[in-house]
*Asks:* 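Just passing along the structure, written as structure tokens.
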Number of protein chains: 2
Amino acid sequence: MGVTMKDIARMIGVSESTVSRAINNKPGVGAKTKKKILRLVEKYNYQPNQLAQNLAKQESNMIGLLLPDISSLFYSEAARAIQDIAAKEGYQVIVCNTDGDEDREKNYIDWLQANKIAGIIFLGYGLANNKIINLGLSNYPIVLANRLVEEVMIPSVVIDNATGAFGATIHLLEKGHKRIALINGPQDNLQSQNRLQGYKQALNNYNIDYNPKLVIHKDWSRESGYEGFLELLDSDEVPTAIFAANDLIAVGVIEAIKMGGYMIPHDIAVVGFEDTIVTSVIEPALTTVSQPMYELGANSVRKLFSLINKEEVEEKIEILASKLIVRKST
Amino acid sequence: MGVTMKDIARMIGVSESTVSRAINNKPGVGAKTKKKILRLVEKYNYQPNQLAQNLAKQESNMIGLLLPDISSLFYSEAARAIQDIAAKEGYQVIVCNTDGDEDREKNYIDWLQANKIAGIIFLGYGLANNKIINLGLSNYPIVLANRLVEEVMIPSVVIDNATGAFGATIHLLEKGHKRIALINGPQDNLQSQNRLQGYKQALNNYNIDYNPKLVIHKDWSRESGYEGFLELLDSDEVPTAIFAANDLIAVGVIEAIKMGGYMIPHDIAVVGFEDTIVTSVIEPALTTVSQPMYELGANSVRKLFSLINKEEVEEKIEILASKLIVRKST
DNA sequence: TTGTACGCGTTATCAA
DNA sequence: TTGATAACGCGTACAA
């Protein structure tokens, strides 16, 4: 196949070590020999075999990215950021879709470690499991993106969901709403909990009692929004505003509201969460909370490189602010 | 760090080759020794160092995926398919974003080859460049997904854009439209050309003369749709139907149409292309042509594994059908 | 059935 | 400034 160091060494009649030194710009090579070597490198388009390099150095120039699903717009943007910055550092990214399944997560981790991957980013939601904690205890470079772990101090970058939800709810309160419903994600999900917390806190600031009947836990789907709204209609406390815990839920809510013949925002106001493309396409355009996904990915991978390079990670847990984007639905 | 074969060999007092044979289930190991070895493997959670394995075998268990942008919904779905199937075969995928830039493409290819990546999938649009052709001439496993190359027979999977566009245009013709505009992607783009070709052919089937004034070439953005429609309004031939070459363009078109006070589909009908999520969210829901992206990715990677395993690739160039999805905008 | 010896392509440690 | 040699961890042809 391609030429190796040995080939070049033989051609000139020097040793492989000399060739290695010349190529890697290390001191201790005569100017003339170095020139000769580099000329042949050019001529035969020598490409170092990274597998061999990696084996010798006991490390590789790849990082692993574990996330639920790359085909979700939400994650793919962060993935893009990670790949951009990794590429600048000469690293490539191995993307592993876990669908949130712990078994697959574990398998991927084994694979990545067996391949001596330089480090791993966990991008996802909710709490991380024990396996990750154990990884964190061994001194393997790990960064958590939008995930948290309780017991161990693993460098993390998270988006402040509570404050985002707080801002969205305050926005509705300022508009004069008093019966604000929350259609949320699963109850055991960390994001759901944070968004609920922000919601509660906002109500509290306005001295409005928290009413559990106005909070519905479902999954993150469009159907949840649709069904959730119908449930609220059936209750005795029909809300004047709905805070949907993500845009997809909001889309379902809007569909149900329209189906019921109500006007948005006149009869019922709606706020979403995430700022995906649908928010600007749907009628009326959806007020939502934007998540800095690119920044999330970028800052995570920067932290990871700090770890890989044995540098100090300044901000162990970094919290990114989300931002309210007001459109026509409120 | 982890235990190696050498460690296990020493513990029992056998040679490394015996351990290797036992672990890889190769014949020629006594049942008792094998059991002893496997017990230690279990006990110390031995993980083979893949870097070493790869170096010894001169190949790696990774494949490369070159695409324009992973954060595009269009590509990320195919990427997901590729990763799913690769994972089943024990391979991982390295995702490389090129943004269509040939220099970056070339750099990635070098990197992938230096790392002895088992094969590469080129996912994208348009024609591939010479570098790729050269790669194809060397017997490196390569598959093209939604790309074509003229001179060399590289296994490829493409989506039949021409027929998709043909069907979409026929659909409009059947609805009685005679002045159908096409707002297309860039003129030098292969997909654009195919979609134009299908459009022309449909007109031809209905004995309608092709009118270049009704065809506008722009980029694939929402703004293109908006501006494109305004240009058509200014012309002397205002169309009764618009075929937008992708959904994003269609969104812009619909916005412009609404802004102009026209009714969809009463005054003007609209068809999109791709079937992204916006089609079901926008009002009115958009008739569009769905692209089997998951299948595109899946079949591409299957072909790649055939190449990697030195098997015969049955269908050198596979063409996937796209499908018209009729909604409310026509 | 088992062990020896070498190769994979590179880096790194000593001597020379 | 150089070169010989070992090491990285594993696979494998050959010999025992």
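Protein chains get the first letters and strands the later ones, always in sequence-line order, with residue 1 at the start of each. For the numbers below, each heavy atom of this structure counts, side chains included, while hydrogens, waters and symmetry mates do not.
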*Asks:* OP1, OP2 of D/dT2 versus side-chain N and O of A/Thr33: anything below 4.0 Å?
*Replies:* yes
*Asks:* Taking CD1 from A/Ile37 and P from D/dT1, how many angstroms apart are they, rounded to a whole number?
*Replies:* 13 Å
*Asks:* For C/dG9, take OP1 and OP2 only and decide whether either is under 4.0 Å from a side-chain N or O of A/Tyr46.
*Replies:* no
*Asks:* Quick one: which of A/Ile85, A/Asn146, A/Val157 gives a side chain to side chain contact (heavy atoms under 4.5 Å, CB included) with A/Ser300?
*Replies:* A/Val157
*Asks:* Run the side-chain hydrogen bond (donor to acceptor under 3.5 Å, both in side chains) check on A/Gln50 and A/Asn61 step by step: do they pass?
*Replies:* CA-CA 9 Å; A/Gln50 296 248 23; A/Asn61 46 1; 2.7 Å; yes
*Asks:* Check every atom of D/dC10, C/dG9, C/dT11 against the side chain of A/Ser20 and return the nucleotide holding the closest atom.
*Replies:* C/dT11
*Asks:* B/Val29 or A/Lys57: which one's nearest nucleotide on DNA chain C is closer to the 5' end?
*Replies:* B/Val29
*Asks:* Quickly work out the B/Arg10 CZ to D/dG9 P distance and round it to whole Å.
*Replies:* 11 Å
*Asks:* Would you mind classifying the nucleic acid contact of A/Asn24 as base, sugar-phosphate or nothing, using non-hydrogen atoms under 4.0 angstrom?
*Replies:* sugar-phosphate
*Asks:* Could you state the NZ-P distance from B/Lys6 to D/dC10, rounded to the nearest angstrom?
*Replies:* 10 Å
*Asks:* Starting at CD of B/Glu59 and ending at P of D/dC10, how long is that distance when rounded to a whole Å?
*Replies:* 17 Å
*Asks:* Base, sugar-phosphate, or nothing for A/Thr4, non-hydrogen atoms under 4.0 angstrom?
*Replies:* sugar-phosphate
*Asks:* Within the structure shown, what part of the strands sits under 4.0 Å from B/Pro48 by heavy-atom distance: base, sugar-phosphate, or nothing?
*Replies:* sugar-phosphate
*Asks:* Ignoring backbone atoms, test whether B/Gln53 places a side-chain nitrogen or oxygen under 4.0 Å from the OP1 or OP2 oxygen of D/dG9.
*Replies:* no
*Asks:* Respond yes when some side-chain nitrogen or oxygen of B/Lys26 is under 4.0 Å from OP1 or OP2 of D/dT12, and no when none is.
*Replies:* yes
*Asks:* Between OG of A/Ser71 and CE of B/Met293, what distance do you get to the nearest 0.5 Å?
*Replies:* 11.0 Å
*Asks:* Please tell me if A/Gln58 has a side-chain N or O lying less than 4.0 Å from either OP1 or OP2 of D/dG9.
*Replies:* yes
*Asks:* Which whole-number value in Å describes the distance from B/Met5 CE to D/dT12 P?
*Replies:* 10 Å
*Asks:* A/Leu55 has a side chain; which of C/dG9, C/dG3, D/dC10 sits nearest to it?
*Replies:* C/dG9
*Asks:* Under 4.0 Å, counting only non-hydrogen atoms across every strand here, what does A/Glu16 touch: a base, just sugar-phosphate, or nothing?
*Replies:* base
*Asks:* Return the nearest nucleotide to the side chain of B/Asn49; candidates are C/dG3, D/dC10, C/dG9.
*Replies:* D/dC10
*Asks:* Find the distance B/Ile23:CD1 to D/dT12:C1' and express it as a whole number of Å.
*Replies:* 15 Å
*Asks:* Without decimals, in angstroms, what is the distance between B/Lys116 NZ and C/dG7 P?
*Replies:* 19 Å
*Asks:* Separation of A/Arg21 atom CZ from C/dT10 atom C1', in whole Å?
*Replies:* 13 Å
*Asks:* Do the side-chain N or O atoms of A/Ser15 get closer than 4.0 angstrom to the phosphate oxygens (OP1, OP2) of D/dA4?
*Replies:* no
*Asks:* Indicate yes or no: at least one non-hydrogen side-chain atom of A/Glu318 is less than 4.5 angstrom from one of A/Leu320.
*Replies:* yes
*Asks:* Do A/Ser17 and D/dA4 have a side chain to base donor-acceptor pair shorter than 3.5 Å?
*Replies:* yes
*Asks:* Can you spot which of B/Leu67, B/Ile70, B/Asp69 makes a side chain to side chain contact (heavy atoms under 4.5 Å, CB included) with B/Ser76?
*Replies:* B/Ile70
*Asks:* Could you tell me if the side chain of B/Met62 sits less than 4.5 Å from the side chain of A/Met62, heavy atoms only?
*Replies:* yes
